[in-house]
Amino acid sequence: MTIRVRLFASLQEKWRIDQIDLESTGMEKVADVWLNLTGEELPSQVLVAVNMEYARPDTPIKDEDEVAFFPPVTGG
Amino acid sequence: MTIRVRLFASLQEKWRIDQIDLESTGMEKVADVWLNLTGEELPSQVLVAVNMEYARPDTPIKDEDEVAFFPPVTGG
Amino acid sequence: MVQVILASQPFDPWKSLQTFQNAMLTVGSYGATAVFVGTMRDFNEGERVESLFLDHYPGMTERELERILREARSQWEFLDALIEHRVGEIEPGEPIVLVAVWCAHRGAAFDACRWIMEALKSRAPFWKKETGPAGVRWVERNTAG
Amino acid sequence: MVQVILASQPFDPWKSLQTFQNAMLTVGSYGATAVFVGTMRDFNEGERVESLFLDHYPGMTERELERILREARSQWEFLDALIEHRVGEIEPGEPIVLVAVWCAHRGAAFDACRWIMEALKSRAPFWKKETGPAGVRWVERNTAG
């Protein structure tokens with residue numbers, strides 16, 4: 001399974017990752033992707049999107065999904 | 001005592017009066033001016049202003065006041 | 001420097017905003033601008049409207065609009081505000097009223113702009129006379145906001 | 001025909017409104033236009049701000065803004081709506097966001113414009129990074145409306 005992972009804003013700077021393709025068979029939900037990427041639990045304030053729609057840590061993922069992690073939004 | 005009376009919008013058309021100076025000693029309040037002008041009681045939906053500030057039928061008037069009568073406003 | 005303008009000729013609200021903002025506001029001082037524009041429609045309550053005449057009370061209308069802006073300023077902190085209102089003969093598609101408020105933050109801008117507009121509709125001495133297929137009639141009351 | 005624009009260069013909101021309105025709206029069809037413009041201030045929470053960088057999620061940002069407009073349209077009847085939002089490097093005094101709604105009546109215009117703006121602040125994937133005298137910092141959360 002290949003998951004495209006994207007980080008934005010302060011998360012992108014902290015983890016020094018903009019975009020990366022993760023190849024792994026052990027990922028079933030969004031939280032697994034974060035764990036796989038960082039080795040840490042997904043912090044509660046981090047927002048997540050799957051294929052450009054808001055999702056939750058327990059949202060299931062499938063091959064070729066784009067999973068994004070970002071801090072609270074501050075536009076406008 | 002001289003009171004300048006002004007009518008606006010539909011009242012102006014109905015009474016065919018735009019502006020008139022009433023000379024009379026018998027007027028003490030706004031409602032008296034209307035009675036003096038039209039011979040009728042002041043209708044409850046008519047709005048009144050004295051010297052360009054909203055007033056009430058029982059607002060006292062004095063020499064040289066400008067008293068205006070108009071229908072509900074419909075601007076904006 | 002709040003401003004009240006009665007316009008006897010058609011005005012472009014977006015151009016008025018541009019001009020007022022450039023002349024009156026300091027760059028970087030305001031974070032939130034809320035604007036309302038009322039435009040003459042060619043329909044009102046299901047009836048076609050061909051033209052509109054806007055009567056007002058010269059002198060009192062300006063004063064009442066200035067009172068409204070002063071009252072708004074005592075309720076919300078704003079840097080500046082503008083009211084522009086047409087008088088006289090108006091054609092469909094022409095703007096009737098523009099209300100704009102410049103604030104530091106958006107809550108005050110939205111609240112003040114709406115409050116000013118509702119106060120204007122309920123208190124400012126303007127009267128509309130519509131011409132339609134059935135003839136000429138004075139509009140008797142404003143619709144609720 | 002609602003429209004979402006992400007602008008990488010400074011824009012004049014009043015000119016955008018003029019252009020959009022002339023291109024998209026039928027003369028006489030709309031009676032009420034409510035507009036909000038958010039502009040970059042040179043102060044934020046008591047600190048001087050020298051410049052701002054606005055990050056976004058290309059693709060998702062546009063989609064989320066379009067979803068917001070669709071949701072607004074299911075709640076209020078409006079003829080048209082426009083969202084324009086800056087991305088990239090922004091200087092004090094430059095507009096950040098423009099939200100405009102064209103309706104038949106003013107209640108819906110005010111309500112929809114404010115709702116869209118609050119939805120944008122809470123959901124649209126944008127992130128601000130401020131540069132001030134103390135250095136560079138990501139803004140952590142938006143202020144309440």
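Given the structure is predicted, the values throughout are model-derived calculations rather than measurements. The chains referred to below are lettered A, B, ... by the order of the sequence lines, with proteins before strands, and numbering in each begins at 1.
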Distance (rounded to the nearest 0.5 Å) between B:Leu47 CG and C:Tyr57 OH: 12.5 Å
Closest heavy-atom pair and its distance - B:Thr74, C:Val139: CG2-O, 3.4 Å
Over 12 non-hydrogen atoms of neighbours within 6.0 angstrom of CZ in C:Arg137: yes
Side chain to side chain contact (heavy atoms under 4.5 Å, CB included) assessment of B:Tyr54 paired with C:Met60: CA-CA 9 Å; B:Tyr54 277 105; C:Met60 179 168 171; 3.7 Å; yes
Interatomic spacing from CD in B:Glu53 to CZ in C:Arg63 - rounded to 0.5 Å: 7.5 Å
Inter-residue atom distance C:His56.NE2 - B:Phe8.CZ, 0.5 Å rounding: 8.5 Å
Members of residues 117-130 of chain C whose heavy atoms come closer than 4.5 Å to chain B: C:Met117, C:Leu120, C:Lys121, C:Ser122, C:Arg123, C:Ala124, C:Pro125, C:Phe126, C:Trp127, C:Lys128, C:Lys129
Interface residues of residues 73-110 of chain C facing chain B - heavy atom cut-off under 4.5 Å: C:His85, C:Ile96, C:Val97
CG on C:Asp55 to CD on B:Gln12, rounded to 0.5 Å: 6.0 Å
C:Glu140 portion near chain B, given a 4.5 angstrom heavy-atom threshold: backbone
Whether over 12 other heavy atoms sit under 6.0 Å from B:Glu28 CD: no
Whether C:Asn142 side chain and B:Gly75 backbone form a donor-acceptor pair below 3.5 Å: yes
Residue, of B:Glu66, B:Gln45, B:Arg6, B:Glu13, that accumulates the most heavy atom pairs under 4.5 Å with chain C: B:Glu13
